[in-house]
Protein chains: 4
Amino acid sequence: MVITFEANATAEQLHAVEAKLRDLGFQVVRAPSTGRVVLAAVGDGALPPLEEVRVMPGVAEALRIPEPFKLASRSFRQETSVIRIGDVEIGGSAVVLMAGPCTIESEEQMVKTAAAVRASGARVLRGGAFKPRTSPYSFQGLGEEGLKILARVREETGLPIVTEVLDTETVELVAQYADCLQVGARNMQNFSLLKKLGRTRKPILLKRGMSATLEELLLSAEYLLAEGNYEVILCERGVRTFSDHTRNTLDLSAVPYVQRISHLPILVDPSHGTGKRQKVLPLSRAAVAVGADGLMIEVHPHPEAALSDGPQALLPEMFAELMRQVRLLAPVVGRTA
Amino acid sequence: MVITFEANATAEQLHAVEAKLRDLGFQVVRAPSTGRVVLAAVGDGALPPLEEVRVMPGVAEALRIPEPFKLASRSFRQETSVIRIGDVEIGGSAVVLMAGPCTIESEEQMVKTAAAVRASGARVLRGGAFKPRTSPYSFQGLGEEGLKILARVREETGLPIVTEVLDTETVELVAQYADCLQVGARNMQNFSLLKKLGRTRKPILLKRGMSATLEELLLSAEYLLAEGNYEVILCERGVRTFSDHTRNTLDLSAVPYVQRISHLPILVDPSHGTGKRQKVLPLSRAAVAVGADGLMIEVHPHPEAALSDGPQALLPEMFAELMRQVRLLAPVVGRTA
Amino acid sequence: MVITFEANATAEQLHAVEAKLRDLGFQVVRAPSTGRVVLAAVGDGALPPLEEVRVMPGVAEALRIPEPFKLASRSFRQETSVIRIGDVEIGGSAVVLMAGPCTIESEEQMVKTAAAVRASGARVLRGGAFKPRTSPYSFQGLGEEGLKILARVREETGLPIVTEVLDTETVELVAQYADCLQVGARNMQNFSLLKKLGRTRKPILLKRGMSATLEELLLSAEYLLAEGNYEVILCERGVRTFSDHTRNTLDLSAVPYVQRISHLPILVDPSHGTGKRQKVLPLSRAAVAVGADGLMIEVHPHPEAALSDGPQALLPEMFAELMRQVRLLAPVVGRTA
Amino acid sequence: MVITFEANATAEQLHAVEAKLRDLGFQVVRAPSTGRVVLAAVGDGALPPLEEVRVMPGVAEALRIPEPFKLASRSFRQETSVIRIGDVEIGGSAVVLMAGPCTIESEEQMVKTAAAVRASGARVLRGGAFKPRTSPYSFQGLGEEGLKILARVREETGLPIVTEVLDTETVELVAQYADCLQVGARNMQNFSLLKKLGRTRKPILLKRGMSATLEELLLSAEYLLAEGNYEVILCERGVRTFSDHTRNTLDLSAVPYVQRISHLPILVDPSHGTGKRQKVLPLSRAAVAVGADGLMIEVHPHPEAALSDGPQALLPEMFAELMRQVRLLAPVVGRTA
């Protein structure tokens with residue numbers, strides 16, 4: 001059950017409801033992100049006493065949520081959430097493109113890439129300063145130096161930035177620089193990180209894990225929401241299967257499925273989803289056509305020299321062509337780009 | 001190596017080349033589908049003596065094909081093959097829609113469905129007379145009676161028909177009625193069936209197996225081509241993964257991948273690929289956007305009463321909406337619909 | 001519901017029961033493999049009128065079967081079925097080893113291999129005369145010549161033989177020579193083949209498909225049983241997953257699962273299950289320890305020269321060591337070997 | 001390349017080698033776990049100048065390691081590593097059983113379980129104080145209170161304890177109480193956690209991720225080793241596949257594969273690997289037969305009341321039977337138990 005309180009509900013009224021629900025054996029989570037107080041009462045087995053709660057003083061609404069995720073469900077919130085990264089809206093009418101290199105390598109690389117993708121129509125700049133690498137011997141990112149580069153490039157270009165945060169220790173550091181904090185696929189079930197990010201006031205881009213079901217993805221989002229951070233954007237980036245012609249298998253049916261059961265916006269990352277430059281353009285079109293709220297695209301001025309994931313990075317001119325095609329497609333699905 | 005002979009090459013010239021290649025330890029396959037004789041010489045290890053063969057009398061061209069599939073590869077044939085089902089072209093500029101019920105249940109059902117989908121713009125009628133069913137106790141199809149219904153509906157509507165053939169025994173029977181013979185996912189590696197179908201002169205619609213790689217799909221197509229039937233259309237219909245929100249995981253990256261390495265046209269079946277009615281429309285858009293040559297869509301006037309796969313069948317009016325959206329999308333990818 | 005009739009039940013009594021069940025909307029399948037007539041009444045929704053059927057004349061027993069497979073379920077038959085291949089019992093107290101090359105290449109190869117594996121303790125000889133090959137250009141087996149070799153080697157060694165049957169056309173031919181007919185993984189859902197094999201009177205070795213669930217495996221077995229052939233042996237041979245250190249992922253939990261829900265014996269094929277010679281011995285031990293009724297092992301005197309699957313074939317001396325270890329292990333799980 | 005220095009090598013000699021390798025473009029990692037200094041030089045492309053390094057003063061040995069993981073590879077260390085948890089050796093001749101509940105719920109539960117599993121022959125006690133839960137509304141563990149219970153039970157029973165550590169913040173806390181720190185499947189690629197654990201001096205039990213290849217597992221182990229912690233135990237616990245009769249698909253071929261390419265010991269967790277109580281016993285036998293160095297088994301005195309994973313927990317008497325069977329099996333594979 002999710003209970004929304006009236007704007008002028010008192011602390012006593014709130015406590016009374018909490019106490020009642022706890023007495024009935026429910027766990028009570030306060031989700032205070034917006035103006036009004038929202039409680040989720042969660043329990044196994046017994047159905048919550050909806051009518052009894054609805055008539056308590058201060059209660060505006062009480063709803064039963066059948067999904068295991070509560071605050072992330074469309075039963076809880078019927079309109080799609082619009083999340084702002086800087087002044088860019090994700091989940092609104094526009095299909096938003098986020099672009100940039102996998103890894104920040106130098107200021108020159110970032111300036112060049114950012115100028116190019118902005119000129120083509122990208123609205124958000126991506127780039128990794130802290131990189132999760134399968135091998136301890138691979139380049140692990142420039143760290144704070146990379147964040148500083150991002151900040152200077154934002155200054156120059158006006159593009160808000162999204163960058164990955166790897167661990168709880170660097171949440172504050174990354175949050176100082178970034179406009180949106182990305183949780184990578186490998187960290188989708190790093191619950192300590194999710195809890196800490198749930199207590200920041202920055203939008204979070206949460207990528208689907210390599211073998212995560214959509215219910216698991218939404219329960220990971222619920223960790224963020226339950227801590228009070230409602231600024232959550234999901235991202236489909238391919239799952240691991242036997243199919244070997246692409247690095248991952250991009251599961252585009254995730255987009256309409258998530259949109260039916262959740263109010264959170266969802267992006268698609270065809271760069272990681274395919275791992276191959278030549279597949280990024282057609283799968284980007286497919287992602288827009290299926291209804292994605294935006295795309296994350298890796299772009300590098302010299303992919304052959306990239307420190308990571310070069311084979312999937314587009315050249316700036318390929319990104320321009322992608323953008324051109326997205327602009328043609330978006331109106332067909334009732335969007336702009 | 002694939003060797004194409006000149007139009008006026010003699011039988012002796014042909015035999016001489018065959019003999020030479022066999023002497024060198026290659027296996028020689030004659031692929032006589034079109035006017036000109038084509039040989040494929042296949043062998044492990046040793047590289048074929050390209051220059052020696054090229055200069056032999058009667059030889060027009062000799063090419064090395066790096067892929068394990070030869071006749072199906074784009075190295076062998078550079079332009080995309082256009083396959084005709086009746087007077088409908090697959091692989092040409094139009095995105096072709098094939099629609100109809102999973103299973104033929106009655107003439108009334110077929111007439112109703114066919115009229116509706118034709119009115120919306122479908123060009124080919126689908127419907128199963130022989131059904132591969134997981135359980136021996138499930139309805140196995142109307143058999144020849146179903147084929148007769150299909151033929152009568154073709155008469156009425158002018159729509160050519162595609163229907164599944166399950167085994168070698170019924171190839172002739174089904175070929176008498178159908179304009180295109182479908183090989184289902186479970187039969188993709190039924191090599192005896194493929195060989196027999198390779199000797200018919202009907203176009204074949206070959207569906208990807210549930211856990212088949214694309215190389216395996218193309219090697220199954222090669223069985224058809226190697227027997228002389230070059231009229232092969234491929235179809236992506238979802239693969240089996242851990243992901244449980246859809247019945248299968250539709251692997252749309254298969255489309256551009258196949259198009260790069262093979263000259264055969266490729267369709268997408270979002271009905272089986274998702275198993276859920278509400279996902280068919282968005283995934284159909286995605287399939288067109290990714291570049292598919294056509295779609296196979298299950299349509300039923302009363303899905304709730306369907307004898308098989310009701311949950312994934314569209315109502316005729318949903319199909320009309322799908323067609324409307326496909327028509328808007330096709331021009332964006334340089335196609336008509 | 002499964003109904004068993006008394007030994008002296010009359011045709012009229014049988015028809016009366018069939019008629020009653022059909023009137024109630026059930027589909028009725030006669031499964032006349034053994035002396036007594038067995039009917040399975042299958043239907044959606046409504047529960048069968050157990051008590052009413054039990055009291056009808058001629059009826060010995062009527063049981064409700066909750067599983068979708070009926071005759072294959074342990075609810076239908078409580079003791080494990082013991083299937084005979086020649087005079088070798090599968091499903092009894094002994095763990096049975098079937099061994100031999102993937103493909104029959106020559107009489108010399110077979111004689112040598114058979115003598116060696118028999119000396120080590122194998123009880124059944126395997127070898128493929130008709131081979132399902134991914135590529136049309138790969139060696140497809142010696143065909144009937146291979147079967148004749150098998151028959152001569154059986155004469156010499158006394159080992160009964162199991163060999164694959166690929167299609168309905170060759171069922172009679174293969175059945176003339178073989179003691180047990182193998183259905184390969186790719187044909188697990190070749191329902192026409194299963195139906196025909198269900199009408200032979202030879203034991204069938206049914207391999208799990210590469211992406212088949214166990215329910216699907218048992219429903220394929222049900223096709224055989226429903227046609228009257230109760231001599232069915234199952235075989236786990238690995239499934240297709242992302243995991244790339246073996247050719248397939250051997251799913252040993254299939255063994256106790258099948259044994260709980262079905263009365264059919266189940267073998268394990270660690271040769272295909274791993275695709276790597278060095279893994280065959282440890283996974284064979286694991287298969288015996290998990291409770292398998294037997295093993296299928298590929299053995300070749302010169303694996304490096306094998307025409308197919310050489311990398312997974314054991315040398316005869318490795319097989320002898322495997323057999324030695326199986327003999328030590330079997331008593332620990334209450335079996336002999 | 002991995003370079004081992006002589007015991008009396010000087011700091012200058014070490015620096016000289018490091019400098020030379022860096023000049024040549026290699027990344028140099030010092031792995032100072034044991035008495036002697038070990039360096040790993042890692043680089044793309046160029047082969048290291050083995051002979052030149054070998055003759056430098058202070059160098060005992062220099063080896064080329066073909067695997068992407070270096071310190072974890074058997075090329076680097078030929079004998080299997082024996083890791084001590086308290087006074088229990090993992091990787092030695094004994095198959096070691098670790099047992100206990102999924103989650104620590106109360107002191108009484110732990111005392112009861114510990115006494116029972118110790119009596120049966122378990123050598124290490126497991127139990128979770130910090131629990132990674134898919135849903136934020138599920139019980140997250142008793143936290144430090146749970147650790148204190150573990151410590152008291154160790155006092156009473158003498159069993160060393162293994163417990164999961166979820167994040168970098170709690171590494172010190174958990175390390176104060178535990179004898180071995182477990183990294184769960186979801187954290188296998190939490191590289192920040194791995195780095196921090198690499199700097200502790202406690203043995204680490206590293207579980208394979210749900211969709212991790214074995215190369216990825218060993219590269220995650222390499223993170224620990226590269227930081228100087230050589231006390232690493234691996235654990236196979238099932239991977240995620242389409243196969244739905246068990247919660248995960250236990251990939252037992254991982255055991256011999258890891259043992260061939262790495263010197264690290266490897267356990268099997270059939271409780272998570274199957275998710276079903278009735279499958280734990282047969283899969284435990286299989287794990288011992290395949291060669292595992294030990295087993296992790298969930299045991300709960302009242303599984304039906306367990307706060308997590310009740311369906312896979314054994315009753316103490318079932319664990320006793322498991323232990324009895326393991327004792328019979330171990331000698332067959334040359335081990336004790």
Side-chain angles (χ1 to χ4, degrees), chain A residues 208-218 236 238-262 268 270 273-292 324-334, chain B residues 208-218 236 238-262 268 270 273-292 324-334:
Chain A
R208 180 181 182 186
M210 265 181 244
S211 56
T213 64
L214 296 182
E215 184 175 306
E216 288 169 344
L217 172 63
L218 286 162
E236 161 65 31
V239 291
R240 207 165 246 196
T241 74
F242 72 90
S243 195
D244 58 0
H245 65 283
T246 42
R247 189 171 158 193
N248 294 291
T249 299
L250 195 66
D251 179 13
L252 287 178
S253 65
V255 173
Y257 187 81
V258 161
Q259 288 172 337
R260 188 169 62 80
I261 59 172
S262 174
V268 170
T274 66
K276 293 190 174 173
R277 185 175 304 122
Q278 305 97 319
K279 302 292 167 284
V280 172
L281 183 46
L283 272 302
S284 292
R285 289 195 309 258
V288 173
V290 92
R324 195 187 66 78
Q325 297 196 15
V326 167
R327 284 207 173 100
L328 288 172
L329 265 169
V332 179
V333 288
Chain B
R208 181 182 181 185
M210 266 182 243
S211 56
T213 64
L214 296 181
E215 184 175 306
E216 289 169 343
L217 172 62
L218 286 162
E236 161 65 31
V239 290
R240 207 164 246 196
T241 74
F242 72 90
S243 196
D244 58 359
H245 65 282
T246 41
R247 187 172 160 194
N248 293 291
T249 299
L250 194 65
D251 179 12
L252 287 178
S253 65
V255 173
Y257 188 80
V258 161
Q259 289 172 337
R260 189 169 61 80
I261 58 172
S262 174
V268 170
T274 65
K276 293 189 174 174
R277 185 175 303 121
Q278 306 95 322
K279 303 292 166 285
V280 173
L281 183 46
L283 273 302
S284 292
R285 289 194 309 257
V288 173
V290 91
R324 195 187 66 78
Q325 297 195 17
V326 167
R327 284 206 173 100
L328 288 171
L329 264 169
V332 179
V333 287

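The shown structure was predicted, so the numbers you read here are calculated from the model rather than taken from an experiment.
- Interface remark: B/R240 contributes backbone atoms only to the contact with chain A (heavy atom separation under 4.5 Å).
- Going from atom CD of B/Q259 over to atom CD of A/Q278 covers 13.5 Å, rounded to the nearest 0.5 Å.
- Contacts of A/L250 with chain B are made by backbone atoms alone, with heavy-atom separations under 4.5 Å and no side-chain atom involved.
- Between A/A289 and B/A289 the shortest heavy-atom distance is CB-CB, 3.6 Å.
- When all heavy atoms are compared, the tightest approach of B/V333 to A/R285 is CG1-NE, 3.4 Å.
- Pairing each heavy atom of A/P282 with each of B/V290, the nearest pair is O-CG2, 3.5 Å.
- Looking at every heavy atom in both residues, A/L283 comes nearest to B/P256 through CD2-CG, 4.1 Å.
- Of the atoms belonging to B/A287, not a single heavy atom falls under 4.5 Å from chain A.
- Looking only at side-chain heavy atoms (C-beta outward), B/T249 and A/T241 stay at 4.5 Å or farther from each other.
- When heavy atoms are compared at a cutoff of 4.5 Å, B/T246 approaches chain A solely by way of its side chain, counted from C-beta outward.
- Residues A/D251 and B/H245 are in side-chain contact: their nearest non-hydrogen atoms beyond the backbone lie under 4.5 Å apart.
- Summarising the geometry of B/T213 relative to A/F242, their closest heavy-atom pair is N-CE1, 4.1 Å, with the distance given to 0.1 Å.
- Proximity to chain A is absent for every atom of B/R327, based on heavy atoms less than 4.5 angstrom apart.
- The part of A/R208 that comes within reach of chain B is its side chain, from C-beta onward, which places non-hydrogen atoms under 4.5 angstrom from that chain.
- Per-residue counts of heavy-atom pairs under 4.5 Å with chain A were compared for B/A212, B/S284, B/G291, B/G273; the largest is that of B/A212.
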